[in-house]
Structure formats: structure tokens, C-alpha cells
Amino acid sequence: MDYQPKPEHRFTFGLWTVSNPGADPFGAPVRERIPPSRVVENLARLGAFGVNLHDDDLIPPDSSPSERRRLISEFQRCLKDHGLVVPMATTNLFSDPVFRAGAFTAQNPKVRAYALQKTMIAMDLGAELGAEIYVFWGGREGSEVDAAGYLPDALARYREAINLLCAYSREQGYPFRFALEPKPNEPRGDLFLPTVGSMLGFIATLDHPEMVGVNPEFAHAAMAGLNFAHEVAQAIDSRKLFHVDLNDQRMGRFDQDLRFASENLKTAFFTVLLLEESGYQGPRHFDAHPLRTEDERGVWEFAKGCMRSYLILKEKAWRFAEDPEIQEARRTPAQPLPDLRELRSMPFDLDTLRGEGAGQERLDQLLFDLLTGVR
Ligand code: GLT
Ligand code: MN
Ligand code: MN
């Protein structure tokens with residue numbers, strides 16, 4: 001196995017990921033921002049399928065209409081030349097100071113209106129570039145001071161915004177499926193709708209719930225000590241896994257956005273296993289940043305590494321599914337439950353049931369052996 005990424009693997013990166021210049025709250029950028037054309041050229045060379053973007057990643061906010069046209073057509077030509085696609089687009093509703101107290105959930109109606117207009121224009125851009133998934137990450141939708149408003153009102157404003165944008169997408173005849181991305185905190189002290197489960201509850205209250213799903217991110221679950229595979233499983237179970245952000249993170253740290261599978265090997269394995277076994281057809285998007293220690297050479301090593309690790313884990317997932325000893329240890333009795341009346345009067349041998357172990361020590365060690373290459 002050469003673990004060579006190919007477009008059919010559907011690996012994507014954001015323009016904002018590989019071109020991240022490595023600034024942090026304590027230090028200046030360490031790299032030049034890699035221009036979109038060089039990102040496309042290199043991702044294509046490495047075997048990626050596509051590149052995703054925020055509006056501002058391609059078109060600086062103060063660009064003139066003619067500058068905007070020029071940037072779009074140059075980018076389209078470059079995509080065509082290198083055979084890359086744009087499966088997902090999104091809006092930057094977090095960098096501009098105007099969004100300091102929220103975008104869709106801001107109390108100021110002018111800020112909300114501006115956030116909606118910015119998103120409509122960004123949706124036009126995404127549609128023009130061929131994107132079919134539209135991501136919403138509410139980076140500024142949250143609070144530090146809960147005394148500032150009645151919390152359910154913020155959620156009502158969030159709902160109104162997503163409803164309006166669903167209506168806009170339908171009116172324009174865009175093919176978008178919306179994917180809401182939960183995160184527990186950072187950059188706000190507390191972000192609204194912090195988990196997949198919160199998002200699913202919210203989606204059920206929308207005007208067009210069928211258009212809206214989730215975009216879970218590995219690091220966002222790991223930050224809060226949650227198990228990302230469980231987040232993905234719930235999204236799959238609800239048929240709402242519209243997109244996925246793969247990266248890595250250690251719990252209790254700042255938002256690290258690490259290379260996929262660089263920290264939590266077992267959870268990364270179960271994530272890949274779920275994506276592959278569930279028949280998930282969407283892009284495998286790496287929303288990670290190269291380490292601040294790196295120059296551009298390290299940036300492309302980082303991109304290669306995300307894809308390579310995925311493919312290695314995919315091979316392990318296949319072996320896991322084919323390994324007779326593992327499958328034997330994993331076997332669950334396929335016995336249907338009796339009907340209610342029978343259940344109500346069913347006798348149980350509780351002493352036997354209480355005495356039965358689950359055999360999971362052995363299974364978990366078999367997995368360890370598999371992942372470390374001993375098996
Ligand atoms: C930002 C954030 C990500 C989101 C991106 C989409 S931008 O980098 O940290 O988790 O997916 O807005
Ligand atoms: Mn993300
Ligand atoms: Mn993130």
C-alpha cells in the first residue's frame with residue numbers, strides 16, 4: 001500500500017487552513033499567506049479532491065466589483081487547470097470587529113442585517129464556484145456576560161437567520177445543503193449550540209429542517225472532553241452528517257487545530273471506521289492548521305500527513321472488519337426483543353447475567369495490536 005491520496009478519496013482542505021500564517025494570541029505570523037493559486041496547485045499535486053473557502057479567503061472585504069470579478073475568474077481558471085473542485089463554501093462572520101458581540105445573534109439589528117447580507121453574497125460566490133454544501137460556524141455566536149440578554153432570544157435570532165437564508169437559497173435555486181458546525185467555546189467564552197446534539201435539537205425547530213444538517217469537528221469535541229466518534233455516530237444516526245471537519249486536539253488546551261490523527265489515535269480510527277462503514281459520501285475535510293514551527297515545506301508535509309493518516313486508518317478499518325478474531329470478539333447476539341406482553345412476564349436468570357463479562361479487555365488489546373502494526 002502506498003497510501004497515495006487520489007481525488008476519489010474526496011479529501012479537501014480550506015483555503016484558510018494550509019495558508020494559515022501561524023499567528024497566535026502571543027505572536028505575529030511566521031509565514032506569508034500562501035495565495036489561493038499556489039494552494040490549488042499544491043493540493044492538486046498532493047492528490048486532494050477539492051478546496052473550500054470563506055468569502056474573505058478569496059475576496060478581501062474591501063475589494064471593488066471589478067477586483068472581485070477578476071479574483072473569481074482567476075480562481076476558476078486555476079481550479080480548472082488543476083482539476084480541483086469547491087465542494088463547500090462558508091462565510092467569515094467572526095474576523096470583522098463589527099461581529100464582536102455576535103453576527104446572526106447580535107442584539108443590534110443592523111449587525112444582524114449586515115451578517116445576513118454578507119452571507120447572501122457569500123452564498124452567491126459559493127454557488128458560482130459549484131459548492132453544494134454551505135457551512136455555518138457561529139464563531140461569534142455566544143457570550144461572556146449572560147446578563148446581557150435573555151438567552152432564548154439569542155437562539156430565536158439564530159433561528160430567524162437560518163430560516164431567512166434557507167429561503168434565500170431556495171429562491172435563488174441554489175443546490176445548498178446547510179451544515180451547522182458546533183463548538184463549545186472559543187473565541188467566545190461560551191458558544192451557543194455547543195454539540196451535535198444541541199444542533200440537532202435546533203434543526204428540528206427550523207422552517208426547512210430537511211435542508212439543514214451538521215458539520216461536526218474533531219477538535220471541537222475533544223476540547224470539551226467529548227468523544228468525537230460518538231458525535232459523528234449521532235449525526236449518522238439522524239441522517240444529518242452533511243460534512244465533517246477532521247483535525248486533532250488535546251483536551252484542556254487552547255484551540256490547537258492539529259494535523260488529523262496526530263494526538264488521539266483511537267478516536268481517529270473510530271472516526272474513519274464510522275465514515276467508511278456508514279457509507280458517508282461527502283468530502284473528508286481537514287480543518288487543521290500547520291504548526292507554527294513550520295515554513296512552507298512543513299505546510300505541505302502537514303497536508304500530506306492528514307491524508308496519509310486517513311488512508312492508513314482506512315486500511316486499518318478494513319482489516320478490523322476482516323479480522324476473524326476481532327469480529328468474533330465483537331459479535332453481538334442478533335436476537336429480537338420479545339413483544340411487550342411477553343416481555344412483561346419474561347423470567348430472567350439474573351445470577352447468570354450478572355456473572356457474564358463483556359470480553360472487552362481482549363478486544364481492546366486486539367485493536368491496540370492492530371493499530372500499532374503488531375497484528
Ligand atoms: C475557523 C473555525 C473552523 C470553521 C471554519 C469555517 S473557520 O477556522 O475554527 O472550525 O470550520 O468557518
Ligand atoms: Mn471547523
Ligand atoms: Mn475549529
Side-chain angles (χ1 to χ4, degrees), residues 11-25 29 33-34 39 50-59 61 86-96 99 102-105 115 118-119 122-123 125-126 131 133-142 158 161-162 165 176 178-188 191-196 199 213-224 226 228 231-232 235 241-251 253-260 262-264 271 282-292 302 306:
F11 293 133
T12 62
F13 290 82
L15 275 185
W16 71 93
T17 61
V18 276
S19 65
N20 184 284
D24 70 18
R33 202 169 267 286
I34 305 173
V39 171
V51 63
N52 301 322
L53 74 170
H54 298 90
D55 46 356
D56 302 351
D57 298 342
L58 184 65
I59 302 169
V86 175
M88 175 273 256
T90 183
T91 330
N92 184 327
L93 295 173
F94 42 90
S95 298
D96 189 323
F99 301 126
F104 296 152
T105 62
K118 190 174 193 290
T119 306
M123 284 167 65
L125 171 68
I133 300 156
Y134 205 88
V135 161
F136 292 85
W137 174 61
R140 296 286 167 194
E141 318 297 4
Y158 218 154
I162 300 293
L165 293 166
F176 290 131
F178 289 4
L180 310 184
E181 179 175 345
K183 188 176 185 186
N185 58 272
E186 218 182 315
R188 301 305 301 269
L191 289 172
F192 300 137
L193 305 173
T195 62
V196 164
M199 284 299 181
V214 292
N215 176 36
E217 174 171 315
F218 197 114
H220 297 180
M223 286 172 74
L226 298 177
F228 184 62
E231 291 274 276
V232 171
L241 187 67
F242 285 9
H243 195 260
V244 68
D245 278 4
L246 302 172
N247 55 7
D248 214 336
Q249 168 78 32
R250 283 171 78 176
M251 184 185 161
R253 304 282 156 111
F254 59 94
D255 186 351
Q256 293 178 295
D257 281 325
L258 297 169
R259 192 178 77 254
F260 178 60
S262 56
E263 280 292 338
N264 296 285
T271 299
R284 277 73 172 153
H285 174 69
F286 297 107
D287 188 8
H289 295 164
L291 293 171
R292 192 169 189 269
F302 150 88
C306 286

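First listed ligand is number 1; within each ligand, the first listed atom is number 1.
- Minimum-distance N/O/S atom of Asp287 relative to the Mn ion (ligand 2): OD2.
- Angle OD2 (Asp245) to the Mn ion (ligand 2) to OE2 (Glu181): 100°, rounded to 10°.
- Every heavy atom of Val135 sits 4.0 Å or more from the atoms of ligand 1.
- Closest to atom 12 (O) of ligand 1, if we only count protein heavy atoms, is His54 NE2, 2.8 Å.
- In this structure, the ring of Tyr134 has its center less than 6.0 angstrom from the ring center of Phe136.
- When only non-hydrogen protein atoms are considered, atom 8 (O) of ligand 1 lies nearest to Trp16 NE1, 3.3 Å.
- Taking the six-membered ring where the residue is Trp, His54 and Phe94 present perpendicular rings, their angle passing 60° and hence far from 30°.
- Between Asp287 and ligand 1, a contact under 3.5 Å exists for at least one N or O pair.
- Nearest N/O/S atom of Glu217 relative to the Mn ion (ligand 3): this is OE2.
- Between His285 and Trp16, the ring centre distance stays below 6.0 Å.
- Remark: side-chain polar atoms of Arg259 are not paired, donor with acceptor, to backbone N or O of Phe302 under 3.5 angstrom.
- For ligand 1, the atoms sitting less than 4.0 Å from at least one non-hydrogen atom of His220 are 10 (O), numbered in the order shown with element in parentheses.
- Looking at Asp245 next to ligand 1, an N or O pair under 3.5 Å apart turns up.
- Side-chain contact check for Asn52 and Thr12: at least one donor-acceptor pair (N or O, by modelled atom type) lies under 3.5 Å.
- With atom 10 (O) of ligand 1 as the reference point, the heavy atom nearest to it among Lys183, Glu181, His289 is part of Glu181.
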For this session: Decide ring pair (Phe, Tyr, Trp, His ring centres under 6.0 Å) for Phe286 and Phe11; before the verdict, give the C-alpha distance in whole Å, the side-chain angles of both, and the deciding distance to 0.1 Å.
Result: CA-CA 8 Å; Phe286 297 107; Phe11 293 133; 5.5 Å; yes
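- Looking at Asp56 and Lys118, a side-chain N of the basic residue comes within less than 4.0 Å of a carboxylate O on the acidic one, giving a salt bridge.
- Among the atoms of Thr91, none of the N or O lies under 3.5 angstrom from an N or O of ligand 1.
- In terms of protein heavy-atom proximity, atom 1 (C) of ligand 1 is nearest to Trp137 CZ3, 3.7 Å.
- Proximity of the aromatic rings of Phe178 and Phe242 is defined here by a centroid distance below 6.0 angstrom, and this criterion is not met.
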